[in-house]
Peer 1: 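Sharing a structure here in structure tokens format.
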There are 2 protein chains.
Amino acid sequence: MTDFAPAGGDPAGRTLRLLELLAARPSWPAAELAARLEVSTRTVRRDVARLQSLGYAVESRPGPGGHYALRPGHRMPPLVFQDDEVVALVAALRMAEGILAGDAAHRALAKLSQVLPRRLRAVLDTAAAGSENAWGDRESVDPSTLAVLLRAAERDLVLRFGYRDRHGTFSRRRVEAVRCVYARGRWYVLAHDLDAGDWRVFRLDRVREPEAGEPGSGDRGRPAEDLAAWLATDFGRRPGG
Amino acid sequence: MTDFAPAGGDPAGRTLRLLELLAARPSWPAAELAARLEVSTRTVRRDVARLQSLGYAVESRPGPGGHYALRPGHRMPPLVFQDDEVVALVAALRMAEGILAGDAAHRALAKLSQVLPRRLRAVLDTAAAGSENAWGDRESVDPSTLAVLLRAAERDLVLRFGYRDRHGTFSRRRVEAVRCVYARGRWYVLAHDLDAGDWRVFRLDRVREPEAGEPGSGDRGRPAEDLAAWLATDFGRRPGG
DNA sequence: GCGGATGCGGCCGGATCCCGTCCGCGATTG
DNA sequence: CAATCGCGGACGGGATCCGGCCGCATCCGC
């Protein structure tokens with residue numbers, strides 16, 4: 001006996017089937033979905049809510065002719081990349097995988113390949129199979145950490161985190177982030193240390209549990225007039241205050 | 001907005017994530033899947049059975065080295081990007097842009113951003129706006145060069161190219177490419193030099209006008225038994241013959 | 001060929017949740 | 001304005017889920 005009813009009364013399987021249905025047709029009235037899935041419309045509503053909470057953009061329209069539909073962005077049209085764009089993406093992934101913790105980049109590329117036309121998918125697979133990262137023993141950065149810092153940098157948010165400096169000393173920091181910078185094979189965050197009252201550069205692989213807070217003053221100038229030039233030349237001279 | 005682990009304890013979401021994991025990597029041992037999904041291996045088995053009963057070709061192998069694998073070529077439900085995946089893509093691009101010539105990676109990301117749902121596009125744009133590459137003065141590699149070498153490496157093709165070694169001497173090479181490797185912030189190609197009759201490592205930024213030709217003998221062994229370990233330790237000791 | 005690693009699936013029990021029903025609300029259409 | 005359709009709260013009985021445990025099958029290395 002197959003432990004699981006033929007996907008009939010099983011919420012997980014049914015939700016997956018609902019997703020497939022939504023992807024297969026532009027729109028569905030609730031009653032029809034309910035009939036297909038052999039549940040009540042109330043349950044369809046619940047399943048739709050579940051999909052939405054998982055990140056799927058399921059839209060609905062009330063009134064006569066009402067329906068559910070998967071927003072077009074999710075039935076991704078086949079992405080027409082140029083060959084060099086695909087190769088660049090694979091190369092970028094390979095360069096990143098020594099530093100980014102976890103396999104988020106891999107998963108992203110796998111999903112991307114799902115929506116590529118066959119020829120481009122072949123290009124992607126070939127490129128991935130012919131390459132390797134041999135720089136993998138570096139301190140790695142968690143993408144979710146990176147996400148918090150990138151967001152804080154873009155919005156000039158006040159940021160709190162724990163930091164272990166090059167001597168192994170642990171401290172808690174309050175800073176206003178300005179920019180996340182990749183340089184010399186590492187990620188750094190350039191920030192104004194609110195406690196030290198001065199500019200600091202922190203290595204991202206030493207940042208622990210960052211939390212973005214309220215917007216900072218934002219208007220405290222920059223460590224140099226020409227930020228780009230400063231980054232290219234002086235960057236990293238004072239790693240981690 | 002730290003929506004990284006979508007609905008952890010929910011069977012429907014978990015099954016979907018399982019499908020994504022299976023699609024993202026050739027194979028997984030059950031224990032690893034269980035750890036990722038934060039459930040017991042028993043539950044992983046149940047979820048796999050569910051996917052199979054829904055028609056997804058999940059294969060398994062018992063015994064040492066056992067694993068689960070998704071047979072390719074199967075239609076997949078639309079997969080939605082997670083925040084950390086989008087961030088990883090942006091980060092990878094930033095890391096790559098100091099080395100990849102041209103703007104292929106940027107164009108790819110721009111195209112991608114156009115088909116992303118609004119929220120994810122915001123994540124992508126924020127991440128892109130908050131980051132920078134300050135390692136841009138490196139010798140760069142043309143993605144189309146990379147494409148040729150990656151293809152040659154994957155298929156064991158004979159490769160011809162011009163090469164300018166570290167002394168500035170220019171020569172023409174005939175090699176059988178084995179692997180393109182990113183290490184220490186640079187791209188290299190590991191190859192068997194047909195003229196020198198020995199293994200060589202070439203820096204990709206010194207390769208000019210590569211041309212892939214007929215398949216090579218393919219069967220000439222490897223520079224070391226354990227290629228991965230060799231790459232991680234000895235790699236690059238003989239840069240560019 | 002033997003032992004260990006790994007996957008398979010049955011079984012159980014308790015905690016969880018799921019689902020159908022009922023209902024009033026809001027949005028849209030004509 | 002009235003009908004249609006989606007929305008979501010409340011509720012209670014019952015199905016499901018999950019972890020743990022078992023013995024079994026399969027595959028690999030020794």
Side-chain angles (χ1 to χ4, degrees), chain A residues 1-23 25-72 74, chain B residues 5-19 21-23 25-71 225-226 229:
Chain A
M1 175 173 19
T2 52
D3 209 335
F4 291 102
D10 153 47
R14 191 189 54 236
T15 306
L16 211 43
R17 287 199 294 149
L18 171 59
L19 182 56
E20 292 172 359
L21 288 176
L22 288 171
R25 227 173 76 174
S27 79
W28 298 79
E32 201 164 338
L33 290 172
R36 295 262 184 157
L37 301 171
E38 297 178 295
V39 290
S40 70
T41 61
R42 182 67 184 90
T43 297
V44 169
R45 286 204 292 279
R46 277 191 270 247
D47 285 351
V48 166
R50 197 188 337 253
L51 284 180
Q52 288 169 336
S53 86
L54 287 170
Y56 290 91
V58 183
E59 291 179 333
S60 57
R61 258 192 46 190
H67 60 260
Y68 291 96
L70 200 54
R71 207 189 311 160
H74 281 274
Chain B
D10 142 59
R14 191 190 53 235
T15 307
L16 214 41
R17 285 200 294 150
L18 172 59
L19 190 54
L21 288 176
L22 289 172
R25 228 174 73 174
S27 79
W28 298 81
E32 204 165 332
L33 291 173
R36 296 274 182 142
L37 302 171
E38 296 178 300
V39 290
S40 70
T41 61
R42 184 69 187 85
T43 297
V44 169
R45 288 203 292 279
R46 278 190 271 248
D47 286 350
V48 167
R50 198 188 338 258
L51 285 179
Q52 288 169 337
S53 85
L54 285 168
Y56 293 94
V58 183
E59 294 176 335
S60 58
R61 254 192 48 190
H67 60 259
Y68 293 96
L70 185 60
R71 206 179 327 151
E225 282 305 310
D226 187 344

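Just so we're on the same page: letters track the sequence lines, and every chain starts at 1.
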Peer 1: Is there a side-chain contact between B:R46 and the phosphate of D:dT16, meaning an N or O under 4.0 Å from OP1 or OP2?
Peer 2: no
Peer 1: Looking only at side-chain N and O atoms, does A:T43 come under 4.0 Å of OP1 or OP2 in C:dG20?
Peer 2: yes
Peer 1: Judged by each residue's nearest nucleotide on DNA chain D, which is more toward the 5′ side, B:R61 or A:A31?
Peer 2: A:A31
Peer 1: Answer yes or no: is there a donor N or O on one side and an acceptor on the other, between the side chain of A:E59 and the main chain of A:R71, under 3.5 Å?
Peer 2: no
Peer 1: Mind calculating the distance between CG (A:D10) and C1' (C:dC19) to the nearest angstrom?
Peer 2: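 One finds 13 Å between C1' of C:dC19 and CG of A:D10, rounded.
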Peer 1: Under 3.5 Å, is there any donor-acceptor pair linking the side chain of B:R42 to the base of C:dG7?
Peer 2: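 Per atom types, no contact qualifies.
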Peer 1: Can you name the closest pair of heavy atoms from A:L33 and A:Y68 and give their distance?
Peer 2: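 For A:L33 and A:Y68, the tightest heavy-atom pair comes out as CD1-CD1, 4.1 Å.
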Peer 1: For A:R50 and for B:P29, find the nucleotide of DNA chain C with the closest heavy atom, then tell me which residue's nucleotide is more 5'.
Peer 2: B:P29
Peer 1: Grab the NE2-P distance between B:H67 and D:dT26 for me, whole Å please.
Peer 2: 17 Å
Peer 1: Report the residue (B:T41 or A:W28) whose heavy-atom-nearest nucleotide on DNA chain D is the more 5′ of the two.
Peer 2: A:W28
Peer 1: Roughly, in whole Å, what's the span from CG in B:L18 to P in C:dG7?
Peer 2: 13 Å
Peer 1: Write down the distance between CG (B:D47) and C1' (D:dT16), rounded to a whole number of angstrom.
Peer 2: 13 Å
Peer 1: Would you name the heavy atoms of A:V44 and A:A30 that are closest together and state the gap between them?
Peer 2: CG2-O, 4.3 Å
Peer 1: Below 4.5 Å, heavy atoms only, C-beta onward: do A:L54 and A:L19 meet side chain to side chain?
Peer 2: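 Side chain of A:L54 against side chain of A:L19, heavy atoms only: no contact under 4.5 Å found.
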Peer 1: Rounded off to whole Å, could you give me the CG-to-C1' distance for the B:L51 and C:dG7 pair?
Peer 2: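 For the pair B:L51 CG and C:dG7 C1', the rounded distance is 16 Å.
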Peer 1: How close do B:R50 and A:G13 get, counting heavy atoms only, and between which atoms?
Peer 2: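 That would be CD-N, 3.6 Å.
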Peer 1: In whole Å, I'd like the distance from the CZ atom of B:R45 to the C1' atom of D:dC22.
Peer 2: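 Between C1' of D:dC22 and CZ of B:R45: 11 Å.
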Peer 1: Just how far, in rounded Å, is C1' of D:dC5 from CD of A:E32?
Peer 2: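 Those two atoms, CD and C1', are 14 Å apart.
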Peer 1: Categorize A:G63 for me: base, sugar-phosphate, or nothing, with a 4.0 angstrom heavy-atom threshold over every strand shown.
Peer 2: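 Here A:G63 touches the bases of the nucleic acid.
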Peer 1: Nearest of D:dC7, D:dA3, D:dT26 to any side-chain atom of A:P64?
Peer 2: D:dA3
Peer 1: Hey, does the side chain of A:S60 come within less than 4.0 Å of D:dC7's phosphate (OP1/OP2), counting only N and O?
Peer 2: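 Answer is yes, contact under 4.0 Å.
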Peer 1: Taking atom P of C:dG7 as reference, at what distance in whole Å does atom CG of B:L22 sit?
Peer 2: 12 Å
